[in-house]
Amino acid sequence: MSGKLSGKVAFITGAARGQGRAHALAMAREGADIVAIDICRQIESNPYPLATPDDLAETERAVKELGRRVVARIADVRERHELRDALDAGLADLGRIDIVVANAGILPMAMGKPDPMQFVDASDVDLVGVMNTVAVAIPHLPDGASIIVTGSTAGMIRGTTDNPNMGPGGAGYGWSKRIVMEYVDEMSLHLAPRMIRVNAIHPTNCNTHLLQNDGMYSMFRPDLTSQGKKATREDAEPLFTLFQAMPIPYVEPEDMANLGVFLASDDARYITGQHIRVDAGSLLKWPNGPGG
C-alpha cells in the first residue's frame with residue numbers, strides 16, 4: 001500500500017460484488033474511504049442472479065477490515081433520488097466525495113421469449129444509471145476530482161452482445177456502452193475547466209456474474225442447448241478465449257481495479273476523456289467484429 005488515495009472518498013455503484021467490489025477494496029487499500037452502492041435485488045428482465053444484501057455487507061466488512069471507513073447503502077441507479085439519498089448519507093458520515101466510479105451494469109440476455117423490457121432495463125441501468133451517478137455527484141466534487149465509468153469492449157466491437165441471439169437485452173447493453181463513450185467525451189470536456197477528469201475503462205470478458213451464468217454459457221454453446229443439454233462453465237470457458245488475442249478466457253475484476261486506482265490518483269492528473277481497454281487484445285483481434 002502506497003497511500004495514493006489517502007484522504008479521499010470514493011462513491012462506487014455496483015459495489016456489492018464483481019468489479020465494483022474490486023474497485024472498493026483496491027481504493028481502500030490505497031487509503032480511500034468508500035461509499036458503496038448496489039441494488040441488492042432482482043430486476044425482473046435480468047435472468048441471472050444480481051447482488052444481495054449479504055454481498056453488499058461483505059464488501060462493507062472487507063473495507064472495514066482494511067482499516068477504512070465505509071457507508072454501504074442499497075439504491076437503484078435507475079432512480080436518481082435513491083442515488084442522491086445514498087450519496088447524502090455518505091457525505092454526512094465521511095464529509096466529502098473525490099472519486100466517482102459509475103460501475104453498475106447488467107446484461108439481460110434473452111433466455112426464452114425476447115422481451116423489449118430487456119432493452120429498456122439494460123439501457124436504464126447501463127446508460128441512465130451512469131448519468132444519474134455522475135449527476136448527483138458533480139455538485140459535491142472538488143476541483144481535481146476523478147470520474148471513472150465502466151464501459152465495455154462490446155461498445156467498440158459490433159456483433160458481440162448486439163447479435164440477434166442475445167435478444168433485446170444484449171442490444172440494449174451494446175447500445176448503452178456505445179453512447180456511454182460519447183457521454184464520457186462530452187463530460188470530460190465540460191468538466192475540464194475544473195480539472196475534473198472523466199475516463200472510461202472498457203473490459204473484455206470479465207470474470208464476474210455477468211459472464212459466469214447459465215444464460216451466457218448457453219449462448220456460447222448453442223450446440224448443446226439445441227440437443228436439450230445444459231451448457232456448463234466447463235463447456236463454455238474454452239470458447240471465451242476466442243475473443244482475446246492473448247490466450248485467456250477473461251480478465252479479472254482486479255485488473256479493472258488496478259487501473260481505477262491509477263485513474264483516481266494524482267498520477268493521472270492530466271489524463272481525461274480517455275477510453276482505456278483492458279481487453280487482452282480483443283479489439284485488435286476483432287476490429288470489424290467477430291467474423292468481420
Side-chain angles (χ1 to χ4, degrees), residues 12-20 37-53 55-56 73-86 102-136 149-184 200 202-203 205-206 208-222 225-226 230-231 236 289-290:
I12 304 172
T13 64
R17 68 185 191 191
Q19 292 182 52
I37 307 301
D38 212 298
I39 188 172
C40 296
R41 64 174 174 82
Q42 284 304 112
I43 295 174
E44 187 175 349
S45 72
N46 196 77
Y48 60 88
L50 297 180
T52 67
D55 292 323
L56 186 58
R73 291 289 184 275
I74 294 175
D76 185 345
V77 296
R78 297 173 295 177
E79 304 293 343
R80 189 173 292 189
H81 69 278
E82 291 188 20
L83 277 178
R84 186 176 290 113
D85 289 346
N103 166 77
I106 61 170
L107 174 49
M109 300 160 294
M111 292 175 62
K113 184 178 180 182
D115 182 350
M117 283 304 298
Q118 294 161 344
F119 184 97
V120 171
D121 290 334
S123 54
D124 278 357
V125 174
D126 301 340
L127 175 59
V128 177
V130 167
M131 297 170 67
N132 284 340
T133 302
V134 174
V136 300
V149 173
T150 298
S152 173
T153 52
M156 301 174 166
I157 305 174
R158 291 280 191 168
T160 52
T161 65
D162 55 352
N163 75 71
N165 292 332
M166 298 287 274
Y173 182 89
W175 177 78
S176 297
K177 298 301 186 179
R178 290 194 295 274
I179 303 303
V180 158
M181 294 174 66
E182 295 185 21
Y183 179 74
V184 166
H202 297 279
N205 293 339
C206 188
T208 69
H209 288 76
L210 189 147
L211 177 70
Q212 304 290 8
N213 63 77
D214 290 343
M216 191 66 77
Y217 304 151
S218 68
M219 293 295 173
F220 275 83
R221 293 301 306 268
T225 55
S226 67
K230 181 179 179 180

With a 4.5 Å limit on heavy-atom distance, are the side chains of M166 and L107 in contact? yes
P108 and A122: which non-hydrogen atoms are nearest, and at how many Å? CD-CB, 3.7 Å
Does any donor atom in the side chain of Y48 or Q212 lie under 3.5 Å from an acceptor atom in the other side chain? no
Any donor-acceptor pair under 3.5 Å linking the side chain of E44 with the backbone of M117? no
Under the criterion side chain to side chain contact (heavy atoms under 4.5 Å, CB included), I'd like the reasoning laid out for T52 against C40: C-alpha separation, chi angles, the key distance, then a yes or no. CA-CA 4 Å; T52 67; C40 296; 5.7 Å; no
Please examine the side chains of L127 and M131, heavy atoms only from C-beta on, and report whether any two atoms are closer than 4.5 Å. yes
Pair N213, M109 - check side chain to side chain contact (heavy atoms under 4.5 Å, CB included), show working. CA-CA 11 Å; N213 63 77; M109 300 160 294; 3.2 Å; yes
Specify the closest pair of heavy atoms between I39 and I74, including all atoms of both residues, with the distance to one decimal. O-CG2, 3.3 Å
Which pair of non-hydrogen atoms, one from V184 and one from A200, has the smallest distance, and what is that distance? CG2-CB, 4.0 Å
Could you list the residues that satisfy salt bridge (charged side-chain N to carboxylate O under 4.0 Å, His left out) with D55, not counting sequence neighbours? none
When you compare the side chains of S45 and D121, does any donor N or O come within less than 3.5 Å of an acceptor on the partner? yes
Is the backbone of T150 close enough, under 3.5 Å, to the side chain of K177 for a donor and an acceptor to pair up by distance? yes
Where do T133 and V136 come nearest, in terms of heavy atoms and distance? O-CG2, 3.4 Å
Drop me the distance from L83's CG to I37's CD1, to the nearest 0.5 angstrom. 7.0 Å
Are F119 and W175 packed together at the side-chain level, in the sense that at least one heavy-atom pair is separated by less than 4.5 angstrom? yes
Donor-acceptor contact below 3.5 Å, side chain T153 vs main chain P203: yes
Is any side-chain heavy atom of L210 closer than 4.5 Å to a side-chain heavy atom of I106? no
If every non-hydrogen atom of N165 is compared with every non-hydrogen atom of M219, which pair is closest and at what distance? O-CE, 3.1 Å
Looking only at non-hydrogen atoms, find the nearest pair between A104 and V77 and report the distance. CB-CG1, 3.9 Å
Distance-only, no hydrogens or angles: does the T161 side chain make a donor-acceptor pair with backbone N or O of G170 under 3.5 Å? yes
Using the test salt bridge (charged side-chain N to carboxylate O under 4.0 Å, His left out), find all partners of R178 that sit at least two apart in sequence or belong to another chain. D162
Give a yes or no answer on whether the side chain of S176 reaches the backbone of D126 with a donor-acceptor pair at less than 3.5 Å. no
Exam field: side chain Q118 to backbone D115, donor-acceptor pair closer than 3.5 Å: yes
Hits for salt bridge (charged side-chain N to carboxylate O under 4.0 Å, His left out) against D76, two or more places apart or cross-chain, chain-then-number order -> R41, R78
Heavy atoms, side chains only, cut-off 4.5 Å: are Q19 and C206 in contact? yes
T13 side chain to N103 backbone, donor-acceptor under 3.5 Å: yes
Compare all side-chain heavy atoms of M181 with those of M156 and state whether any distance is below 4.5 angstrom. yes
